[in-house]
Amino acid sequence: QGAIRDPDEWQTGNEPMTGAQRSYLRTLATEAGETLDDADLTKAEAAKKIDELQRRTGRGQGPTHQ
């Protein structure tokens, strides 16, 4: 296992989120009963939001950034 890194420290963290991040965020937001305005999130912002929604929905087993 690699060390968990803060998304703010990612070299590519300021790039637009990936399609996979967008899709997963939409799924999690729906499950959390939240409307998601994800039009211009960065990879780092998307990773943080995924972590937050995973905690709220009980999905996942920890941070998505490793």
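Atom set for the values below is all heavy atoms of this structure, side chains included, hydrogens, waters and symmetry mates excluded. Since this is a predicted model, take the numbers as computed values, not measurements. Start at 1 with the first residue, then count along the sequence.
- Judged by distance alone, with hydrogens and angles left aside, the side-chain atoms of T30 form a donor-acceptor pair with the main-chain N or O of R26 at under 3.5 Å.
- The side-chain heavy atoms of R59 and T27, taken from C-beta on, include a pair separated by under 4.5 Å.
- Taking 4.5 Å as the limit, every side-chain heavy atom of M17 sits out of range of all side-chain heavy atoms of Y24.
- Scored by the side-chain contact (heavy atoms from CB on, under 4.5 Å) test, R56 finds A32, E34, E52, L53 as partners (sequence neighbours excluded).
- When all heavy atoms of E45 and D40 are compared, the closest pair comes out as OE1-O, 3.9 Å.
- Taking NZ of K43 as the reference point, atom CD1 of I50 lies at 12.0 Å (rounded to 0.5 Å).
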